[in-house]
Structure formats: C-alpha cells, structure tokens
Amino acid sequence: MENMREMKMNFWRHKTNEANRGFFPTDLKVVEMEMDLIDFSEVDETDSINICDLSAGTGQQLAFMQDYLKSRNVVSQAYYNEVTQERFDQAKDLYGEKQGFHMLKSDFFTMKVKTNSNKKAFTVIRNNPPYGFMDNKGSNVRMEDMYFVRNAEMQVDYGIQIIELPIHQLIENKNLIRKIFFRYDNVHILMFPEQHFDKKQVCVIGSLKREYSNDIDLA
C-alpha cells in the first residue's frame, strides 16, 4: 500500500451504493496488507484479543483476520454482526461452526456491547461502513461519521481501528477527519493497491488515544 499524497476526486455513483446498501466487500489481499500494518509482537500467547466487524457482510474479511492472527500464534475471539438477513445467512453457512467466531444479526446502533468490567471490548476493529446520509434524531448525518464514532466507543485504549471508505468521502467530510484525529493517534491514510482501487477506496488506520485531544491543525 502507498501513502496517500494527493488524488483527483472522482465522481461516485450513489445509485450503485444504494443498490448494494453500501456493501462493497474488500479483497482479502487488501485485508492481509492491513493486518500486516499492525505489530502483534507484544501479544502474549496466553492472551486472547477481541476483534470485530459489526457491519460484516458475509464475514469473509473478519474470518480471514482471525485466521491471520492464528497463523501468528495470536489467540482471538471474533465478533460478527450484520443487519441484512441474506448476508447473515450466508455467513452462518460459512462460519457458524468456526471456533471463536461469534455471530449476531442486530441493528448496529442499538446493539449492546460490554465486557465484565466496562463497555470497551475490542482491540482490533474492522470498519467498512455503508456511506451516504441517514436520519439521526431528526438530523441528516453521514453514515460514516455515525459508524466511526460508535465503533470508537467500543474500543479498548490503544486499540486499532481500520476504516475503509472512498477517498472523496474524506475530502468532502471535514468533520470525520477531525473526529478521527480527535480520537486516534498514529493515523495513516493509505490507498488500496491499483488493481483493487476501482472504487477509489482508502484505508485509514490508527490507535485509540487513552485521552481524547483536539488536533485540528493536523486534521
């Protein structure tokens, strides 16, 4: 993956997004590249980390992440959620018997997540949100904003969130950029490899701050 420097914004066909309900599954080669960006060397073999994808489609990417960690002797519990029945059924057929793969079909914005001690549960969060506008208590807000903030609320301190979205959503959505830098350190924005870049998507990856702080100039 290459550092994003400068890119000409291209027109995005919203009708295609609506037809897919924002569902554009990521190639597993890209998922592997994303996981390669994270240093798991300090994870003890006796520990188990929680990973999740709470808008997970058919679950292939989350299952791949879990297998990736296993190949590196990192034990993980994977938490899958998907709201559409068709994709949930496909994932259940594929991964319903997979060890440590926990499945839920729930509204992302009403689901409850907590550990025995607090509401921060996940070490690595995969976030490939639908994008567009949605109603939130009478206000018209961006889906990406809502998904990002909700995911961050459930993440342990210093945990990693991987966000995928078209580059023009970052260019146009200044509020999302500010929210990312407010909550996360070591933020990198990387473009998908050229052969997987037809939707002009990028990966934003960062580590959750223990204490949030404004960094508007950097944003």
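The residues of the chain are indexed from 1 along the displayed sequence. For clarity, every value in this text was computed on a predicted model and none was experimentally measured.
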Partners of [X] by side chain to side chain donor-acceptor pair (under 3.5 Å), sequence neighbours excluded?
| X | result |
| --- | --- |
| Glu211 | none |
| Thr110 | none |
| Ser48 | none |

Filter on ring-ring contact (aromatic ring centres under 6.0 Å, His included), then keep only pairs touching residues 200-219, sequence neighbours left out; what's left? Phe182-Tyr212
For residues 31-70, which residue pairs pass the ring-ring contact (aromatic ring centres under 6.0 Å, His included) check, not counting sequence neighbours? none
Who pairs with Tyr147 by ring pair (Phe, Tyr, Trp, His ring centres under 6.0 Å), at least two apart in sequence or on another chain?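 Phe108, Phe109.
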Return the set of residues passing ring pair (Phe, Tyr, Trp, His ring centres under 6.0 Å) with Phe181 (not counting sequence neighbours), or none when no residue passes.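 For Phe181 there are no ring pair (Phe, Tyr, Trp, His ring centres under 6.0 Å) partners, ignoring immediate neighbours.
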Listing request: all salt bridge (Lys or Arg N to Asp or Glu O under 4.0 Å) pairs with a residue in [range], at least two apart in sequence or in separate chains.
| range | value |
| --- | --- |
| residues 74-86 | Glu82-Arg87 |
| residues 180-193 | none |
| residues 150-167 | Lys120-Asp157, Arg126-Glu164, Arg150-Glu153, Asp157-Arg210 |

Between atom [atom1] of [X] and atom [atom2] of [Y], what is the distance when rounded to the nearest 0.5 Å?
| X | Y | atom1 | atom2 | answer |
| --- | --- | --- | --- | --- |
| Gln85 | Asp89 | CD | CG | 4.5 Å |
| Cys52 | Met154 | SG | CE | 6.0 Å |
| Asn173 | Arg178 | CG | CZ | 9.5 Å |
| Leu218 | Ile177 | CG | CD1 | 9.5 Å |
| Ser207 | Asn186 | OG | CG | 6.0 Å |

Going by atom types only, do [X] and [Y] share a side-chain donor-acceptor pair under 3.5 Å?
| X | Y | answer |
| --- | --- | --- |
| Tyr80 | Gln66 | no |
| Gln155 | Asn151 | no |
| Asn175 | Asp145 | no |

If you count the non-hydrogen atoms of other residues, nucleotides and ligands that lie under 6.0 Å from CD in Gln195, is the total more than 12?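 Yes - once you tally the heavy atoms of other residues, nucleotides and ligands closer than 6.0 Å, there are more than 12.
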Check whether more than 12 heavy atoms from other residues, nucleotides or ligands sit under 6.0 Å from atom NZ of Lys92, and answer yes or no. no
By side-chain contact (heavy atoms from CB on, under 4.5 Å), which residues pair with Asp44, not counting sequence neighbours?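 side-chain contact (heavy atoms from CB on, under 4.5 Å) list for Asp44, sorted by chain: Thr46, Asp47.
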What are the two closest non-hydrogen atoms of [X] and [Y], and how far apart are they?
| X | Y | value |
| --- | --- | --- |
| Ala121 | Asn50 | O-ND2, 3.0 Å |
| Gln61 | Thr26 | NE2-O, 2.8 Å |
| Cys203 | Phe192 | N-CE1, 3.9 Å |
| Leu28 | Gln60 | CD2-O, 3.9 Å |
| Val30 | Pro193 | CG2-CD, 4.0 Å |

Using the rule that two of Ile, Leu, Val, Met, Phe, Trp, Tyr join whenever any of their side-chain heavy atoms come within less than 4.5 Å, decide whether [X] and [Y] are in one cluster.
| X | Y | answer |
| --- | --- | --- |
| Leu176 | Ile216 | no |
| Ile51 | Val156 | no |
| Tyr158 | Phe122 | no |

Option passing side-chain contact (heavy atoms from CB on, under 4.5 Å) with Ile163 (candidates Ile180, Asn128, Val187, Ile205): Ile180
Mind listing the side-chain donor-acceptor pairs of residues 97-105 below 3.5 Å, one per line with the distance, residues two or more places apart or on another chain?
| from | atom 1 | to | atom 2 | distance (Å) |
| --- | --- | --- | --- | --- |
| Lys98 | NZ | Asp67 | OD1 | 2.6 |
| His102 | NE2 | Gln77 | OE1 | 2.6 |
| Lys105 | NZ | Val83 | O | 3.2 |

Within a strict 4.5 Å, meaning less than it, do heavy atoms of the Ile49 and Val75 side chains meet? no
Is Leu54 close to Met111 at the side-chain level, that is, under 4.5 Å between some pair of heavy atoms? yes
Short side-chain to backbone donor-acceptor contact, Lys209 and Ser213, under 3.5 Å: yes
